[in-house]
Asks: 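Just passing along the structure, written as structure tokens.
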Amino acid sequence: MGGAKTDIILLNESDIRCDGRKIDELRKIIIKAGVLQNANGSSYIEFGNNKILVGVFGPRDVHPKHLANTNTGILRCRYHMSPFSVDERKNPAPSRREIEISKVIKEALEPSVILKKFPRTVVDIFIEVLQADGGSRCAALNAASVALADAGIPMRDLVSACAAGKIANSIVLDVNNEEDQFGQADMPVGYMPNLEKITLIQLDGILTHNEYATCIDVAIQGCKTIYQIQKKALIDKFFQGDIK
Amino acid sequence: MGGAKTDIILLNESDIRCDGRKIDELRKIIIKAGVLQNANGSSYIEFGNNKILVGVFGPRDVHPKHLANTNTGILRCRYHMSPFSVDERKNPAPSRREIEISKVIKEALEPSVILKKFPRTVVDIFIEVLQADGGSRCAALNAASVALADAGIPMRDLVSACAAGKIANSIVLDVNNEEDQFGQADMPVGYMPNLEKITLIQLDGILTHNEYATCIDVAIQGCKTIYQIQKKALIDKFFQGDIK
Amino acid sequence: MGGAKTDIILLNESDIRCDGRKIDELRKIIIKAGVLQNANGSSYIEFGNNKILVGVFGPRDVHPKHLANTNTGILRCRYHMSPFSVDERKNPAPSRREIEISKVIKEALEPSVILKKFPRTVVDIFIEVLQADGGSRCAALNAASVALADAGIPMRDLVSACAAGKIANSIVLDVNNEEDQFGQADMPVGYMPNLEKITLIQLDGILTHNEYATCIDVAIQGCKTIYQIQKKALIDKFFQGDIK
Amino acid sequence: MTILDELKKHKILELLKNEKRIDGRNFLEPRSILIETDLIQKANGSARVDLGYTSVIAGVKIQPDKPFPDLGDKGIFICTAEILPLAHPDIEPGPPGEDVIELARVVDRGIRETNMIDLSKLVLEKDKSVIGIFVDNCITDYDGNLFDACSYAATAAILSSDLPVWELKNDQPVLLDKRSIIPISTIPVSVTVGLIDSYLIVDPNADEWKCMDARITITSNSEGNVCALQKGGYGSFTYDQLLECSKIAISVGSKIRKILKQHKKSK
Amino acid sequence: MTILDELKKHKILELLKNEKRIDGRNFLEPRSILIETDLIQKANGSARVDLGYTSVIAGVKIQPDKPFPDLGDKGIFICTAEILPLAHPDIEPGPPGEDVIELARVVDRGIRETNMIDLSKLVLEKDKSVIGIFVDNCITDYDGNLFDACSYAATAAILSSDLPVWELKNDQPVLLDKRSIIPISTIPVSVTVGLIDSYLIVDPNADEWKCMDARITITSNSEGNVCALQKGGYGSFTYDQLLECSKIAISVGSKIRKILKQHKKSK
Amino acid sequence: MTILDELKKHKILELLKNEKRIDGRNFLEPRSILIETDLIQKANGSARVDLGYTSVIAGVKIQPDKPFPDLGDKGIFICTAEILPLAHPDIEPGPPGEDVIELARVVDRGIRETNMIDLSKLVLEKDKSVIGIFVDNCITDYDGNLFDACSYAATAAILSSDLPVWELKNDQPVLLDKRSIIPISTIPVSVTVGLIDSYLIVDPNADEWKCMDARITITSNSEGNVCALQKGGYGSFTYDQLLECSKIAISVGSKIRKILKQHKKSK
């Protein structure tokens with residue numbers, strides 16, 4: 001957390017945040033499934049100003065072969081940012097931050113995916129952040145879970161993700177960019193709504209134990225809302241003609 | 001094309017170019033075949049101030065093996081510039097420009113080489129530019145074709161190469177360094193003289209359709225002259241004792 | 001050799017050196033064997049202000065496999081400096097100097113190791129310089145030889161190493177950092193005391209043929225002293241309870 | 001080539017002999033071109049181009065920079081390309097191979113050699129401070145002919161871009177609170193012609209790309225001149241084929257230029 | 001996992017069901033922690049930490065630097081980690097993989113997010129010249145839980161470090177002939193809890209690490225607040241488990257803080 | 001080693017026992033040395049050296065540079081080496097391996113440690129601006145003993161090089177319209193001695209190189225002193241052998257120095 005000084009009023013006297021939201025309000029979220037031609041599964045998400053594209057390939061043969069596991073399929077994940085996705089043009093080579101987020105997202109998805117059914121194979125998840133805003137790892141995780149489902153990979157549950165945080169001494173849902181920079185804490189959470197399990201949790205910033213408990217709780221509520229949007233994206237894709 | 005401003009008179013009132021040549025005149029060209037001890041085939045060319053050494057190895061086993069093709073032999077090409085070959089000392093790591101030229105030269109030679117006869121093998125062409133001048137890719141291509149022939153690789157034809165271009169609103173043969181920097185267009189052409197086919201063509205600079213047609217035509221005439229020099233280099237090598 | 005100018009008096013009128021030593025005196029040396037849990041053999045050396053840790057693994061399978069030799073085992077060596085080991089923080093990526101020293105140390109150890117007994121395998125030596133001082137390659141070589149013995153690798157002899165050099169026109173034993181920078185010559189020597197063979201020798205600086213002969217001789221005497229310290233380290237490890 | 005590829009090649013050739021293409025197009029007909037601009041707000045300009053099922057997103061980033069040593073009187077223009085691994089199952093993440101390096105350089109030269117952007121107007125102080133324009137192409141779906149798709153995306157992104165305005169204060173560029181547009185002198189259009197056997201076809205799709213003998217990418221400018229070209233592939237062209245290609249590139253290009261022009265930003 | 005690994009996992013689980021761990025510890029008991037400081041004289045601070053058989057050497061190097069563009073009023077803090085190939089037979093030399101990158105970044109954030117070092121006091125001139133503190137962790141023996149071992153080593157090295165004093169003369173930092181100490185505002189303690197089946201265990205050793213379902217590393221500060229955390233592994237936690245982990249991290253952390261505190265240098 | 005290599009080694013050893021070498025030379029006889037200078041006009045100096053069938057082209061590039069931080073009163077000298085893949089079928093393109101890194105560093109030190117170039121005369125302004133001399137060796141044909149071949153090529157290129165003259169104007173180096181020569185204080189000669197069984201042979205060719213036990217490269221200066229040396233290979237030397245090697249290097253070196261001297265440029 002930056003915790004830097006700023007003139008921005010993060011929370012006004014009516015508990016309204018700098019982007020006009022209430023403390024328990026999500027940013028605008030749009031998810032579409034099946035947006036790519038060549039990928040086995042794909043999705044596109046707009047989450048606040050995040051714009052992220054995900055493509056999934058597999059289960060397929062593993063290259064190089066020595067990475068294959070005879071007992072189970074494996075998951076690989078690449079989180080990558082386009083050069084034009086951030087204020088200062090980004091070098092296209094993967095940064096250490098991107099490599100860490102790739103790993104964290106992979107481990108957040110693993111509990112939801114039934115890989116045992118496809119030994120010796122790999123499922124590849126490619127995430128491209130076309131435009132980055134606060135909470136891009138949660139946005140990416142939401143999209144990736146939908147893309148996995150779109151690819152027909154057997155899953156125990158979807159993973160829904162959302163951050164909670166602390167700004168101006170209040171716990172709020174879905175921390176945006178300014179709140180991340182100037183607020184007190186940011187806690188991204190990934191959650192399987194049906195299994196009631198947390199698959200991703202990180203924290204930057206300072207919280208008491210009670211604030212910590214509240215944050216997780218608030219984030220989980222957000223995840224449950226997002227889960228409905230994810231489900232709708234999949235229904236829109238697969239039953240477009242039927243249900244409308 | 002630079003098209004930059006300069007005090008150099010590229011073409012004077014008698015149609016004489018800045019290096020004293022006429023508009024349809026080639027620079028001085030010397031080609032020798034069989035100049036290296038360890039390579040299967042080799043050649044050395046001086047083309048204007050270009051000085052280029054080429055070594056060819058193969059047909060030989062492919063490493064790494066997965067690159068091998070069971071139906072045909074493959075061609076690989078590395079175009080590389082020595083650190084002292086240009087005005088400013090060049091970093092020895094291959095630049096993006098060198099990688100592109102390597103590919104362009106490879107694809108210019110492929111039509112001339114009968115690779116089907118050597119499935120699962122590779123022919124490696126290593127080009128070292130010891131001194132660079134305008135037209136180094138054409139010079140390299142001329143030398144590489146001679147080195148392939150010197151290596152005994154079965155060929156349909158030689159590839160001869162030469163640029164044409166536009167300076168001071170005239171179409172000229174064999175663009176030199178100053179003409180490349182300050183002229184209007186540069187068009188390198190690779191040509192198989194017996195098969196009458198163009199295997200390399202690029203263009204930087206602006207031409208009308210008619211100028212474009214003239215440029216190709218002028219370049220082809222140059223290639224035909226160079227073809228005789230290439231043939232002589234091979235004859236000198238293989239029949240040195242016999243014919244003299 | 002720097003040979004740079006300095007105010008430091010490298011040798012005073014009583015033939016005492018800048019760190020208080022006599023011309024034929026070694027710096028303080030401490031060697032311990034068997035200091036690591038996971039390595040097959042290991043050692044730690046303090047040699048002047050050098051502090052170096054060595055771990056040995058093997059004989060074990062070679063990866064990548066194509067490096068394996070069906071007639072003999074092979075030796076690999078990595079000499080690496082910690083970022084905090086020198087005055088200016090060192091980039092952790094291996095420098096050209098580290099790669100060269102790795103090779104020189106490997107070739108200095110090879111004559112002492114009986115690799116023929118373990119065809120198709122590799123013995124890996126990992127050297128970490130935690131703190132660097134003058135003579136770190138000799139210090140590392142001493143420790144590496146002890147670590148190989150600690151790993152139970154069959155050996156013809158230990159390799160003991162020490163530099164001699166020329167400062168203020170005198171030949172001295174065990175050149176320190178200041179003497180290396182401001183002195184006239186530095187000659188690291190690796191020696192097998194029982195076989196009476198030199199396995200490492202390098203020289204930076206200017207010597208007459210006679211000075212060259214003296215330097216080697218002086219260095220060998222130093223190596224013989226160090227050999228006793230190496231032997232003691234191994235005895236301390238293997239017979240700790242028994243002999244005391 | 002797999003057996004399936006061989007069969008497809010055979011099929012494509014059969015169709016060509018009957019003056020048909022595998023996706024029903026005429027020989028000189030490019031696929032449908034869909035262009036959307038201004039989709040990335042963090043970029044100064046952006047465009048998504050769908051050329052059939054090939055899809056590219058280009059973004060323009062503009063920032064002050066030092067000029068190149070020997071070009072102190074010109075701004076900087078750099079154009080890149082990356083095939084995202086989500087674009088096709090065969091693409092692996094990692095540093096660009098020779099194909100992608102060639103792609104980026106051909107697209108870059110196509111725009112550079114037409115002098116589309118008047119770089120002499122992007123100088124804050126000669127030899128010291130200039131404006132740099134970076135155009136990055138991200139290929140998100142692959143169905144052949146990336147050369148033209150990237151060229152259109154880059155061009156549309158540049159045309160639709162705004163241009164921040166800087167002023168030098170104490171030798172430091174300071175961003176002013178106004179926006180201009182990039183100085184455009186011509187609109188380049190790249191047209192790629194594939195050669196299969198003796199047939200010339202415009203805008204080859206992935207199936208055609210795989211089995212063609214050679215290709216040529218020709219960029220023309222608003223005046224109908226040829227400005228940059230690049231031959232590729234293991235095959236070769238006759239003189240007459242090359243003249244034909246130039247004519248095709250100029251005529252097809254002029255139609256596509258009209259589509260691109262619609263995305264030009266006005267002051 | 002080899003068959004031996006499977007058997008070991010089975011054994012570990014059996015023991016846990018009987019409230020025992022494979023090395024005899026209680027569930028919430030970290031291994032013995034041995035700390036030695038000031039072992040590298042060329043570093044400004046250094047520490048060797050043995051956490052059971054896991055062993056780490058951390059070194060602190062301090063030097064003047066340019067500040068980050070948007071953080072001109074703060075000094076620089078960077079913490080790295082490298083698993084030396086002598087630490088374990090499976091480690092190969094080469095650039096760091098994703099595991100080591102995550103390790104270094106988690107250790108870095110743990111220290112950074114607690115604001116352990118008051119970086120605002122490390123400024124020589126705002127926006128121009130600041131002091132940089134580099135902490136490098138070299139892992140010399142591996143027996144699991146590198147997160148906590150590196151965190152303790154880095155923290156002890158920082159606490160025991162001196163701080164050279166520079167003064168700007170003609171815009172150049174000049175080293176003065178006196179020493180200060182790093183301005184410390186709190187002492188972070190990282191505690192890693194492993195989840196095996198439904199059991200939560202503190203400071204997993206290498207055997208436990210290999211077969212655990214998930215882990216969480218929670219860093220708390222001197223005030224007993226939670227400051228940074230990171231979940232890892234292919235498994236997941238319940239809400240209640242996460243609350244339990246926080247309590248464990250705070251209580252175990254406060255004991256370890258006492259050990260670390262002993263190495264704090266005074267002026 | 002293949003069986004063919006083993007047979008060749010056996011043959012070489014048999015010959016040595018009869019005081020013969022495989023190419024007919026005496027033990028202390030280097031191969032013929034052919035030197036051509038000034039072949040690369042874009043370089044300040046250049047030389048091609050054929051040592052038997054080993055062939056190297058060296059080029060000298062001279063340009064103003066910043067001095068190294070702790071060596072502000074000296075110009076810069078850097079010498080590199082690359083084995084071109086056209087030099088031998090076993091050479092693969094790519095970053096240099098340990099052999100080539102050692103080669104370059106040994107050649108560099110041989111020239112550096114003799115103080116061949118008086119670097120103190122290459123300073124434009126102390127601590128701010130100096131002249132840098134870069135010597136790059138490109139090996140174009142391999143037949144063993146690259147150490148000496150590169151050393152001769154680099155030395156001949158330096159001896160025959162001109163030295164552009166710069167003057168500082170407003171702290172910027174400006175090239176003047178005159179030429180000088182590089183200040184030379186001595187001429188280094190590298191002599192490599194191979195050890196096969198107990199036989200010492202000068203300038204081993206590729207066949208000998210492959211089967212020798214160890215080698216030593218000794219560089220001497222014009223005064224007949226030893227200035228730099230490096231042992232290599234998996235074998236070892238006796239004390240007496242090392243003394244012998246030094247004598248050989250000095251005596252053979254003095255003959256080769258006469259050849260190199262012919263290429264020294266005068267003002």
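Proteins come first, then strands; the chains are lettered A, B, ... in the order of their sequence lines, and each starts at number 1.
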Asks: Report which part of Leu242(E) has an atom under 4.5 Å of a heavy atom belonging to chain A: side chain, backbone, both, or neither.
Replies: both
Asks: Could you tell me whether Glu100(A) and Arg105(E) make a salt bridge, using a distance below 4.0 angstrom between a side-chain N and a carboxylate O?
Replies: yes
Asks: Anything under 30° is parallel, anything over 60° is perpendicular, the rest tilted; go ahead and classify Phe147(E) against Trp209(E).
Replies: parallel
Asks: Heavy-atom cut-off 4.5 Å, strictly under: side chain, backbone, both or neither for Asn221(E) against chain A?
Replies: side chain
Asks: If we define contacts as heavy-atom pairs under 4.5 Å, which of Ile220(A), Leu109(A), Ile216(A) has the most with chain E?
Replies: Ile216(A)
Asks: Among Asp73(E), Ile250(E), Ile218(E), Thr238(E), which residue forms the greatest number of heavy-atom pairs with chain A at distances under 4.5 Å?
Replies: Thr238(E)
Asks: Contact between Tyr212(A) and Leu229(E) at the side-chain level, heavy atoms closer than 4.5 Å - yes or no?
Replies: yes
Asks: Out of Lys197(A), Glu211(A), Lys103(A), Arg96(A), return the one with the most heavy atom pairs under 4.5 angstrom to chain E.
Replies: Lys103(A)
Asks: What part of Leu200(A) is in contact with chain E, defined as an atom under 4.5 angstrom from a non-hydrogen atom: side chain, backbone, both or neither?
Replies: backbone
Asks: Can you check whether Phe27(E) reaches Ile248(E) side chain to side chain, under 4.5 Å on heavy atoms?
Replies: no
Asks: Should we say atom NZ of Lys264(E) is surrounded by more than 12 heavy atoms from elsewhere, each under 6.0 Å from it?
Replies: yes
Asks: For each of His209(A), Met187(A), Glu110(A), tally heavy-atom pairs with chain E at distances under 4.5 Å, and name the one with the top tally.
Replies: His209(A)
Asks: Under a 4.0 Å threshold between the charged nitrogen and the carboxylate oxygen, would Glu98(E) count as salt-bridged to Lys106(A)?
Replies: yes
Asks: If you count heavy-atom pairs within less than 4.5 Å of chain A, which of Ala214(E), Gly224(E), Gly97(E), Ala228(E) leads?
Replies: Ala228(E)
Asks: Under a 4.5 Å cutoff for heavy-atom pairs, which residue among Gly235(E), Pro96(E), Gly233(E) has the most contacts with chain A?
Replies: Gly233(E)
Asks: Side-chain contact, heavy-atom cut-off 4.5 Å: Asp65(E) with Ile131(E)?
Replies: no
Asks: Determine the option with the most heavy-atom pairs under 4.5 angstrom with chain E, choosing from Glu88(A), Arg97(A), Met192(A).
Replies: Arg97(A)
